[in-house]
Q: 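Dropping the structure in here first, questions after.
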Amino acid sequence: QLQLVESGGGLVQPGGSLRLSCAASGFTLDRYAIGWFRQAPGKEREGVLCINRNGGKSNYADSVSGRFTISRDNAKNTVYLQMNSLQPDDTAIYYCAARRAYGCSRSDYDYWGQGTQVTVSS
């Protein structure tokens, strides 16, 4: 069964950090571009960051520039989202998605994880 599983979410105070993981089972991530998305309550889902098969990165949310980074470890079949200087507006369910293609996209992904909740609050 092809599956993506996110982990690492939780409750953090403003200014804190979290690292989300996106682990694949049933397929190898090195053939996929991987995107991180988020959906806050009452808002549409938005793209955050994406990493292509060669490690090139795309930023889809100006609000995370300089605070969030994406990386991949193909040996562990995992992609990470490092989130620093978290703010209450970052509160959302975070999803990872895999796109069987070289490059990144704001849409058109083949597999999605179930999401992990990130809550930024004092």
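Here the structure is a predicted model, which means the values were calculated and not measured.
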Q: With ILVMFWY side chains joined below 4.5 Å, transitively, what does Val5's cluster contain besides itself?
A: none

Q: Can you tell if the side chain of Arg38 reaches within under 4.5 Å of the side chain of Glu46, non-hydrogen atoms only?
A: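 Yes, at least one pair of side-chain atoms sits under 4.5 Å.
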
Q: Indicate the atoms forming the closest heavy-atom contact of Gly47 with Ala61, along with that distance.
A: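 Scanning both residues completely, I find the closest heavy atoms to be O-CB, 3.6 Å.
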
Q: Who passes salt bridge (Lys or Arg N to Asp or Glu O under 4.0 Å) against Arg99, sequence neighbours left out?
A: Asp108

Q: Quiz question: by atom type and distance under 3.5 Å, do the side chains of Ser65 and Asn59 form a donor-acceptor pair?
A: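 On atom types as modelled, these side chains qualify, holding a pair under 3.5 Å.
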
Q: Verify, without hydrogens or angle tests, whether Asp90 (side chain) and Gln87 (backbone) share a donor-acceptor contact under 3.5 angstrom.
A: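 It does hold such a pair.
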
Q: Any donor-acceptor pair under 3.5 Å linking the side chain of Asn74 with the backbone of Asn77?
A: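 No; judged by distance alone, with no hydrogens or angles, the pair does not exist.
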
Q: Please check this pair: side chain of Thr119 against backbone of Leu11, looking for a donor-acceptor N/O pair closer than 3.5 Å.
A: no

Q: How far does CZ of Arg72 sit from OH of Tyr80, to the nearest 0.5 angstrom?
A: 11.5 Å

Q: About how many Å separate OG of Ser7 and CD of Gln114, when rounded to the nearest 0.5 Å?
A: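 Gln114 CD to Ser7 OG: 9.0 Å, rounded to 0.5 Å.
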
Q: Identify the heavy atoms of Pro14 and Ser122 that sit nearest to each other, and give their distance.
A: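 Nearest pair, atom of Pro14 first, then Ser122: CD-N, 3.7 Å.
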
Q: Check Gln117 against Thr91 and note the closest heavy-atom contact, atom names and distance.
A: NE2-CG2, 4.0 Å

Q: So, does Asn52 use its side chain to make a donor-acceptor pair with the main chain of Asn54 at under 3.5 Å?
A: yes

Q: Could you work out the complete set of other residues in the hydrophobic cluster of Leu2, with links drawn between I, L, V, M, F, W and Y side chains under 4.5 Å apart?
A: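 Besides Leu2, the cluster holds Leu4, Val12, Leu18, Leu20, Phe27, Leu29, Tyr32, Ile34, Trp36, Val48, Leu49, Ile51, Val64, Phe68, Ile70, Val79, Leu81, Met83, Leu86, Tyr94, Tyr111, Val118, Val120.
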
Q: Could you check if a side-chain atom of Tyr60 sits within less than 4.5 angstrom of a side-chain atom of Cys104, using non-hydrogen atoms only?
A: yes

Q: Closest heavy-atom contact between Thr78 and Ser21?
A: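 The answer is CG2-CB, 4.1 Å.
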
Q: Looking at Ser105 and Ser107, would you say the former's side chain and the latter's main chain have a donor-acceptor pair under 3.5 Å?
A: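 Flag set: sc Ser105 to bb Ser107 pair under 3.5 Å.
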
Q: For Asn84 and Ser17, run side chain to side chain donor-acceptor pair (under 3.5 Å): C-alpha distance rounded to whole Å, both residues' side-chain angles, the deciding distance at 0.1 Å, then the answer.
A: CA-CA 4 Å; Asn84 299 327; Ser17 298; 2.9 Å; yes

Q: Could you go step by step and tell me if Phe37 and Tyr109 meet the ring-ring contact (aromatic ring centres under 6.0 Å, His included) rule?
A: CA-CA 11 Å; Phe37 297 78; Tyr109 284 77; 5.1 Å; yes

Q: Within this structure, what is the CD-OG distance for the pair Gln1 and Ser25, rounded to the nearest 0.5 Å?
A: 7.0 Å

